[in-house]
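Here's the structure we're looking at; comments come further down.
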Amino acid sequence: MTPAVELWHVPDCPLLDQVREALGECLRHSGLDIAVREREGGYPSPTLVIDGVDVATGAPPVPGVYCRLDLPTHEQIHAALNGEDRRGMTLA
């Protein structure tokens, strides 16, 4: 099944391009052709959400507007794209 990928951010987020670039690299490396839905608004910014899970924390996204410095790593993005949790276990 194709994962649902969303990138949540506030307008003009200075860290957004870093997450876009990391996600793009991971998608290319994985050979996946997935449309990424961007949501601009009052979100923790930037937040990468794959299948309803915040990739950086491994938990559902939390509400609020604030600047995030805990950007997802390439390893976290690859694991989320492959349906694994943060410990590397495949999710059912």
Side-chain angles (χ1 to χ4, degrees):
M1 178 171 20
T2 302
V5 180
E6 296 184 337
L7 187 51
W8 299 4
H9 60 90
V10 297
D12 302 317
C13 174
L15 299 175
L16 179 59
D17 285 339
Q18 285 180 261
V19 177
R20 277 186 185 136
E21 185 176 311
L23 176 59
E25 289 173 7
C26 291
L27 287 170
R28 283 188 297 279
H29 184 264
S30 298
L32 298 172
D33 184 22
I34 298 174
V36 177
R37 180 178 178 203
E38 291 207 15
R39 299 175 111 191
E40 185 175 278
Y43 304 108
S45 186
T47 298
L48 178 57
V49 179
I50 298 180
D51 290 337
V53 176
D54 179 339
V55 173
T57 66
V62 296
V65 178
Y66 56 89
C67 184
R68 293 191 63 166
L69 301 177
D70 63 334
L71 303 182
T73 65
H74 284 76
E75 292 80 13
Q76 290 169 322
I77 297 170
H78 276 293
L81 289 171
N82 291 311
E84 300 171 356
D85 71 12
R86 296 183 69 205
R87 294 176 305 268
M89 300 171 63
T90 302
L91 300 176

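Throughout, residue positions are numbered sequentially from 1 according to the sequence presented. Below, each value reflects all heavy atoms present in this structure, side chains not excepted, and no hydrogens, waters or symmetry copies.
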Open item on the list: Under the salt bridge (charged side-chain N to carboxylate O under 4.0 Å, His left out) definition, can you give me all pairs with a residue in residues 22-36, not counting sequence neighbours?
Closed with: none
Open item on the list: Tell me whether Leu69 shares a hydrophobic cluster with Tyr43, the cluster being built from Ile, Leu, Val, Met, Phe, Trp, Tyr side chains joined at under 4.5 Å.
Closed with: no
Task: Close side-chain approach of Leu71 and Pro46, heavy atoms under 4.5 Å - done: yes
Open item on the list: With clusters defined by side-chain heavy atoms of hydrophobic residues (ILVMFWY) lying less than 4.5 Å apart, directly or transitively, does Leu32 cluster with Ile50?
Closed with: yes
Task: salt bridge (charged side-chain N to carboxylate O under 4.0 Å, His left out) involving Arg20 - partner list, sequence neighbours excluded - done: Asp17, Glu38
TODO: Indicate yes or no for a side-chain donor-acceptor contact from Asp54 to the backbone of Pro60 under 3.5 Å, with no hydrogens or angles considered.
DONE: no
Open item on the list: Let's go through Val19 and Thr47 carefully: what are the C-alpha distance in whole Å and the side-chain angles of both, what is the deciding distance for side-chain contact (heavy atoms from CB on, under 4.5 Å) to 0.1 Å, and is it a yes or a no?
Closed with: CA-CA 8 Å; Val19 177; Thr47 298; over 6 Å; no
TODO: Report yes or no: do Val62 and Val55 belong to one cluster of Ile/Leu/Val/Met/Phe/Trp/Tyr joined by side chain heavy-atom distances under 4.5 Å?
DONE: no
Task: Residues which pass side-chain contact (heavy atoms from CB on, under 4.5 Å) with Glu6, listed by chain and number, not counting sequence neighbours - done: Trp8, Arg37, Arg39, Val49
TODO: Please round to the nearest 0.5 Å and tell me the distance separating atom OG of Ser30 and atom CD1 of Ile77.
DONE: 10.0 Å
- [ ] Taking the side chain as every heavy atom from C-beta outward, state whether Leu16 and Ser45 have any pair of such atoms under 4.5 Å apart.
- [x] no
TODO: List in chain and number order the residues that pass side-chain contact (heavy atoms from CB on, under 4.5 Å) with Asp70, two or more places apart in sequence or in another chain; answer none if no residue qualifies.
DONE: Ala56, Thr57, Arg68
Task: Non-neighbouring partners of His29 that pass ring pair (Phe, Tyr, Trp, His ring centres under 6.0 Å), sequence neighbours left out - done: His78
Task: Backbone of Thr73 reached by a side-chain donor or acceptor of Gln76 within 3.5 Å - done: yes
Task: By side-chain contact (heavy atoms from CB on, under 4.5 Å) - contacts of Val36 (at least two apart) - done: Val5, Leu7, Leu23, Leu27
